[in-house]
Number of protein chains: 2
Amino acid sequence: MSGAQHVPESETPDTRERILDIALDLFTTQGYETTSLREIAEQLGFSKAAIYYHFKSKDDILIALHMRLHALGGDTLRNMDPATMTLDGWAGLIYELIEQLRTNRILFTLHERNRAAFEKLHDEAHAGEHQDLETLFRTALNNDAVPVADRVRVSCAFGAVLMGSMITGDSFADVAPDEMTAMLRDVVRDILYPPTAP
Amino acid sequence: MSGAQHVPESETPDTRERILDIALDLFTTQGYETTSLREIAEQLGFSKAAIYYHFKSKDDILIALHMRLHALGGDTLRNMDPATMTLDGWAGLIYELIEQLRTNRILFTLHERNRAAFEKLHDEAHAGEHQDLETLFRTALNNDAVPVADRVRVSCAFGAVLMGSMITGDSFADVAPDEMTAMLRDVVRDILYPPTAP
DNA sequence: GTCTATATAGGGATAGAC
DNA sequence: GTCTATCCCTATATAGAC
């Protein structure tokens, strides 16, 4: 913990990350298009043009934020085989989503609230180098080997989790995080493994 | 059926409604800010300025679309008393939502995908004349008389329904509407009335 | 790395003719 | 009701000094 040679003044400023943090906040609350670079620069304390030293375009900032989300789901999703997803497999994925949402809710909200902007990016990056997360989900959900009823339930479970901890926002701010997590897991179980049929 | 005096050429053009229909489509797929009036006018077949005869601003178009949603939920929501919402009351509301989504999915998607824009409208219309739907939901969800666990489940049920029939979009296009509705109702029941505890 | 100044484009909105 | 022409503003992005 001591041998660090190159220690900056107080704490790593890391301007690039600071830009991303501020952008994440503003893009989420106000929306991507409505937020101007001038506004971001204002909060940073320096000029608008300085941002262009760190990012080559406004879209580039959004892409960087998208990559943060990718980094989160990274391994989990790469190991998932859309063709052979069982109900249990889906359940595990959703439980992990609940965990991720605990510490990164804003990042998910950003994506939720700026779908159009992200889709546009995806369209422009038609160089197939980038497999979108949502596309992966959809194709997996279209797997005919799994009964339709199950697939609908999986889809509903995602919606329940996302709504329960994201859209509703701070309505449950007073609830302890652990308690909230437990309740969400219970709901997911009740959706995926209902008493009646499957 | 015959005595109509003032019959237009073929079928009521009703330019105002045509504008709204096209705007609804474009705002939903591309996003509100990204869609220009020029683009809307293009699809209408006439000039951008003509739109200003029917609407006094771009925001005014968005407001009109918001009113369409209001008209849908109208009576149901006005009769709801946020202070005395029981679990059964919520269930009824969600079942109705399922019905509304069958015929008006795009309208809900518009709101889902342009939250920021609608919130901005709501902020500007601080003249209290307009009680927002979502605000109504949130305050009702904050009712301390209802146990937290129940409130979370209600919130999840909304998410499940919205996701199951909206965000997922046309992944289940092949499923018959009636069947889809039945499945969604089942899921809602399993969420709100779980086997373990209430 | 961050600045000032500027190029360029596009958007919303209005005026006034038809 | 719809058009053309125009105003005005703000946004992204670049050039070049420090």
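Numbered from 1 within each chain, the chains take letters A, B, ... in sequence-line order.
The phosphate of C/dG1 has OP1 or OP2 within less than 4.0 Å of a side-chain N or O from A/Y53.
Remark: A/D178 pairs with A/R102 by the side chain to side chain contact (heavy atoms under 4.5 Å, CB included) rule, at least two apart or across chains. Every residue two or more places apart in sequence or in another chain was checked for a salt bridge (charged side-chain N to carboxylate O under 4.0 Å, His left out) with B/E39, and none qualifies.
Nucleotide C/dT2 holds its P atom 15 Å from the CD1 atom of A/I40, rounded to whole Å. Between A/I19 atom CD1 and C/dG1 atom P the separation is 12 Å, expressed in whole Å.
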Exercise. Mark up nucleotides 4-18 of chain C, 5' to 3', with B wherever a protein heavy atom is under 4.0 angstrom from a base atom, S wherever such an atom reaches only the sugar-phosphate, and - elsewhere.
Key: B------SBBB----
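Checked against the 6.0 Å centroid threshold, A/F137 and A/F158 count as a close aromatic pair.
Using a 3.5 Å distance cut-off with no hydrogens or angles, the side chains of A/D88 and A/Y193 do pair a donor with an acceptor.
A salt bridge is defined here as a Lys NZ or Arg NE, NH1 or NH2 lying under 4.0 Å from an Asp or Glu carboxylate O, and A/E42 with A/K48 fails to meet this definition.
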